[in-house]
Amino acid sequence: MAQEDMEGKVFIFPRQSTSDYVVLNPRLTEPLDKLTTCLRSYTDLRKNHALISVDFPGSQDRHMFDIFQGPMDYTKPTPFHLFYIYINNSLASSMEQTDILQWKHSCVTWDSNTGVLQLWVNGKVYPRRVLQKGFSIDLQDGISLGQMQRNYGTGWDPEISFQGEISDVHMWNEVLPPETIWQVLLNNRYISGNVISWRSLNYTINGDVTVQPKLQCKYYSAQSYSYC
């Protein structure tokens, strides 16, 4: 187990397997009835892959909270894939135009009082969904990067494991307003999660995941903004 400031670093997941993942230990463990979760990911996978899950191998609480991406579809004029978000085994999805070699900054907000869920990708907000009004997310089992279970109690599924790089993981026990989410996208170092903070990360590496320096780049255009 390690705890450190991960600013300027990434986790590299070398292959799709059940042995390579990172467990994050939250600073707060009481059930969440509101949350914001943000992270950056970089991969050339063209198939389903998990980004983050509130889960552990063999857990009976399937899909307490998961974020994963679907396969890329190149049959349309503009390639796209689906973002999937599970809360308590209920699924919401959003379609996103994609560039296979682009860092993605993803944020999900959810409020149990209304069930309203929002997805932000690279600063763009997608139409809101409603999931699991009145539910709360239990963090006692910890939070895993790069893996999720497909079925109850069966362990990690290698077919949906992650290969690539993950960075800048933050989680809050509140719904951040749009202007704050934009500052998170810009990597404002004065804004950090109070449940999971990349700048004070308590984590355990499993398998061959490694910590490496982040390759820094910025790209601006009239239509888009990218940071890695």
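The distance from atom CZ of Arg128 to atom CG of Leu117, rounded to the nearest 0.5 Å, is 11.0 Å. Remark: Gln212 CD to Thr210 OG1 distance equals 4.5 Å, nearest 0.5 Å. Rounding to the nearest 0.5 Å gives a distance of 10.5 Å between CG of Leu201 and NZ of Lys9. Going from atom OG of Ser144 over to atom CG of Asn206 covers 8.0 Å, rounded to the nearest 0.5 Å. Going from atom CG of Leu139 over to atom CD of Glu30 covers 8.0 Å, rounded to the nearest 0.5 Å. Here OG of Ser41 is found 5.5 Å from CZ of Phe162. Values are rounded to the nearest 0.5 Å.
Of all heavy-atom pairs spanning Gln118 and Val125, the tightest one is NE2-CG2, 3.9 Å. In terms of heavy-atom proximity, Cys38 sits nearest to Trp172 at SG-CZ3, 4.0 Å. Contact between Leu45 and Thr43 at its shortest, heavy atoms only, is N-OG1, 3.0 Å. Heavy atoms only, all atoms of each residue included: Met64 and Phe135 are closest at SD-CZ, 3.5 Å. Across all their heavy atoms, Val169 and Ile166 have their closest contact at CG2-CG2, 3.8 Å. The two residues Lys214 and Ser167 come nearest to each other via the heavy atoms CE-OG, 3.1 Å.
Among the candidates Lys104, Arg40, Arg199, the single residue satisfying the salt bridge (charged side-chain N to carboxylate O under 4.0 Å, His left out) test with Asp168 is Arg40. For the side-chain contact (heavy atoms from CB on, under 4.5 Å) criterion with Arg129, the lone passing option out of Ser94, Ser90, Ser93 is Ser94.
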Problem set entry | Stepwise side chain to side chain contact (heavy atoms under 4.5 Å, CB included) test for Val22 and Phe13 | CA-CA 9 Å; Val22 179; Phe13 298 76; 4.0 Å; yes

Problem set entry | Verdict with supporting geometry, Ser112 and Lys34, side chain to side chain contact (heavy atoms under 4.5 Å, CB included) | CA-CA 6 Å; Ser112 175; Lys34 295 181 177 66; 6.0 Å; no

Problem set entry | Candidate pair Asn187 and Glu7, rule side chain to side chain donor-acceptor pair (under 3.5 Å), full reasoning | CA-CA 10 Å; Asn187 204 33; Glu7 182 74 15; 3.1 Å; yes

Exercise. Could you go step by step and tell me if Asn173 and Asn194 meet the side chain to side chain donor-acceptor pair (under 3.5 Å) rule?
Worked result: CA-CA 7 Å; Asn173 63 349; Asn194 65 338; 2.8 Å; yes

For this session: Might you work through the side chain to side chain contact (heavy atoms under 4.5 Å, CB included) test for Tyr203 and Glu4, ending with a clear yes or no?
Result: CA-CA 9 Å; Tyr203 67 92; Glu4 63 180 289; 2.5 Å; yes

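Under the 4.5 Å side-chain contact rule for hydrophobic residues, Ile85 and Val130 do not share a cluster. With hydrophobic clusters built from ILVMFWY side chains whose heavy atoms lie under 4.5 angstrom apart, Val184 does not share a cluster with Tyr126. Taken together through direct or relayed side-chain contacts under 4.5 Å among Ile, Leu, Val, Met, Phe, Trp and Tyr, Val211 and Leu51 form part of one hydrophobic cluster. The cluster map of Ile, Leu, Val, Met, Phe, Trp and Tyr, joined by side-chain heavy atoms under 4.5 Å apart, puts Leu185 and Ile181 in different clusters. Residues Val116 and Leu176 do not share a hydrophobic cluster, defined by chaining ILVMFWY side chains whose heavy atoms lie under 4.5 Å apart.
Gln147 contributes no side-chain N or O that, together with a main-chain N or O of Ala50, makes up a donor-acceptor pair within less than 3.5 Å. Judged by distance alone, the side chain of Ser136 and the main-chain N or O of Asp33 form no donor-acceptor pair under 3.5 Å. No donor-acceptor pair closer than 3.5 Å links the side chain of Gln163 to the backbone N or O of Ser17.
Applying the ring pair (Phe, Tyr, Trp, His ring centres under 6.0 Å) rule to Trp198 yields the partners Phe11; only residues at least two apart in sequence or on another chain are considered. Residues satisfying the ring pair (Phe, Tyr, Trp, His ring centres under 6.0 Å) criterion with Phe83, sequence neighbours excluded, are His81.
Using a 4.5 Å cut-off on side-chain heavy atoms (C-beta onward), Phe65 and Leu35 make contact. Between Thr36 and Trp120, every side-chain heavy-atom pair lies at or beyond the 4.5 Å cut-off. In this structure, the side chains of Val54 and Asp138 stay at 4.5 Å or more apart for every pair of heavy atoms. Leu24 has its side chain out of reach of Met171: every pair of non-hydrogen atoms, C-beta onward, lies at least 4.5 Å apart. A 4.5 Å side-chain heavy-atom check between Ile196 and Thr37 finds every atom pair outside the cut-off. In this structure, the side chains of Tyr84 and Asp66 stay at 4.5 Å or more apart for every pair of heavy atoms. Looking at Trp103 and Glu165, their side chains come closer than 4.5 Å, going by heavy atoms from C-beta outward. Residues Trp110 and Ile137 form a side-chain contact, since some pair of their non-hydrogen atoms from C-beta on lies under 4.5 Å apart.
Between Phe68 and Tyr86, the ring planes lie parallel to each other; the angle is under 30°, not in the 30° to 60° tilted range.
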